[in-house]
Amino acid sequence: MTNKLKYFIGNWKMFGDFSSFKIIQEVNKYISKSKNLGKKKIVLCVPNTLIHFYKKKLRSKLISLGAQNCHFHEGYGAFTGSVSATMLKRLGAEYIILGHSENRLEGETNQIIKKKIISSLNQKLKVIFCIGETFNEKKNGKTYSILRNQIKSSLQNKFNKNKIILAYEPVWSIGTNKIPKMNELENIIKFIKKDFKLFFKTSNAPKVLYGGSVNPKNIKSLSSISEIDGFLIGGASQSSKKFIDIIENYYK
Ligand code: PEP
């Protein structure tokens, strides 16, 4: 079993209500019982409507709550329907997913993501920064250049990079039950870490998660890639059983 810290981060997407707190309770029960498994950090990124309610109910420190997006403007402003990093922090969020492909598909650019990262870091939120290529980009051999461009366009050397976790999420893998070939994935994760170090002239490799159709069955093969620092889990995190089985099977 690995001694390295591993992240298991759930992205509930547009799912859940007050009664879904039972999922978090189940996960919490499991985590308290399985402390002897490897070092792990559990984060659940839930809809904004639930963060404060869950935060008040969740007495445990074993699970952190996160948000899934924010407006780039900090504080308050004339942005109807939007929520700022400032507001999310006050609700009790500790983490925030930014740059998710579902938001990029709706027009979010690398420049907008950069502004969101700045306001989230200012608000002391830990950023889960998603990058990934589409199926066409992969087919045309552009995976590496897309990833490099996404990183270079949204991150700056002056950012506190200890507060940024990268999540490699190939767009073609999200919600499709398709995952990359293990050797390709290993090379991509290594590339992200190496390129990041070169670009930011640092000897510290960033934490890099994998996300895209992670489930209790495929987690075993994914666990063979030691460079992966954890997982961003979408659909499967909406079920306590699947989420727990992913963690359990990872350490088997
Ligand atoms: C995600 O939305 O970040 C994700 C990885 O989704 P899924 O696990 O459902 O593919």
Side-chain angles (χ1 to χ4, degrees), residues 6-16 20 23-24 27 40-48 50-51 63-70 88 93-108 113 116-117 120 125-135 137-138 143 146-147 150-151 154 164-182 184-185 188-189 192 206-223 225 228-250:
K6 298 290 170 180
Y7 290 84
F8 295 89
I9 302 184
N11 172 16
W12 275 16
K13 311 191 191 219
M14 195 165 68
F15 162 85
S20 318
I23 297 172
I24 301 194
V27 174
K40 50 192 168 332
K41 177 75 205 160
I42 312 295
V43 182
L44 289 169
C45 297
V46 300
N48 297 345
L50 301 175
I51 296 173
I63 298 180
S64 296
L65 295 173
Q68 302 169 12
N69 198 3
C70 67
L88 295 169
E94 293 175 59
Y95 288 78
I96 185 162
I97 295 172
L98 293 175
H100 194 282
S101 57
E102 286 157 10
N103 296 320
R104 290 181 189 262
L105 279 174
E106 289 192 348
E108 190 180 63
I113 295 165
K116 292 183 179 188
I117 294 176
S120 296
L125 289 167
K126 291 178 201 97
V127 171
I128 302 150
F129 169 46
C130 300
I131 54 175
E133 83 286 3
T134 62
F135 181 70
E137 288 161 348
K138 176 181 164 61
T143 298
I146 291 290
L147 297 176
Q150 288 173 336
I151 293 174
S154 295
I164 299 173
I165 300 167
L166 279 81
Y168 170 57
E169 296 210 306
V171 182
W172 51 271
S173 177
I174 294 180
T176 58
N177 257 328
K178 292 191 184 113
I179 61 170
K181 294 196 182 84
M182 288 306 115
E184 282 177 11
L185 180 55
I188 290 170
I189 302 284
I192 293 170
K207 300 279 183 210
V208 183
L209 315 180
Y210 168 73
S213 294
V214 175
N215 64 38
K217 282 196 184 135
N218 59 28
I219 191 67
K220 198 64 219 164
S221 31
L222 290 164
S223 74
I225 304 177
I228 296 181
D229 297 295
F231 301 91
L232 184 53
I233 302 157
S237 71
Q238 298 169 359
S239 145
S240 54
K241 169 140 179 45
K242 285 186 189 161
F243 193 67
I244 291 168
D245 284 352
I246 286 172
I247 303 172
E248 183 80 10
N249 294 347
Y250 179 84

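These figures come from a predicted structure and were not determined experimentally. One-based numbering, in listed order, for ligands and for the atoms of each.
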Colleague: Between Asn69 and Lys116, does any side-chain donor sit less than 3.5 Å from a side-chain acceptor?
Modeller: yes

Colleague: Does some side-chain heavy atom of Cys45 sit less than 4.5 Å from a side-chain heavy atom of Ile128?
Modeller: yes

Colleague: Considering only heavy atoms from C-beta outward, does the side chain of Ile97 approach that of Leu232 to under 4.5 Å?
Modeller: yes

Colleague: For atom 9 (O) of ligand 1, which protein heavy atom lies nearest, and how many Å away is it?
Modeller: Gly235 N, 2.9 Å

Colleague: Among all protein heavy atoms in this structure, tell me which lies nearest to atom 1 (C) of ligand 1, with the distance rounded to 0.1 Å.
Modeller: His100 NE2, 3.2 Å

Colleague: Can a donor-acceptor pair be found between the side chains of Lys178 and Ser213 at a distance below 3.5 Å?
Modeller: no

Colleague: Given side chains that start at C-beta, do those of Ile188 and Tyr168 come closer than 4.5 Å, heavy atoms only?
Modeller: yes

Colleague: Should Glu169 and Arg104 count as an ion pair when the cut-off is N to O under 4.0 Å?
Modeller: no

Colleague: When you look for heavy atoms under 4.0 Å from ligand 1, do you find them on the side chain of Ile174, its backbone, both, or neither?
Modeller: both

Colleague: Specify the protein heavy atom at minimum distance from atom 3 (O) of ligand 1: its residue, its atom name, and the distance to 0.1 Å.
Modeller: Glu169 OE2, 2.8 Å

Colleague: For Tyr95, does the six-membered ring have the charged nitrogen or CZ of Lys126 within the cation-pi criterion, i.e. under 6.0 angstrom from the centroid and within 45° of the normal?
Modeller: yes

Colleague: Output the list of atoms in ligand 1 that are nearer than 4.0 Å to some heavy atom of Asn11, sorted by atom number.
Modeller: 1 (C), 2 (O), 3 (O)

Colleague: Closest non-hydrogen protein atom to atom 8 (O) of ligand 1, residue and atom name please, with distance?
Modeller: Gly234 N, 2.9 Å

Colleague: Could you check atom 2 (O) of ligand 1 against the protein and tell me its nearest heavy-atom contact, residue, atom and distance included?
Modeller: Lys13 NZ, 2.6 Å

Colleague: In ligand 1, which numbered atoms sit nearer than 4.0 Å to a non-hydrogen atom of Gly212?
Modeller: 5 (C), 10 (O)

Colleague: Quick check: does Gly175 get an N/O under 3.5 Å from an N/O on ligand 1?
Modeller: yes

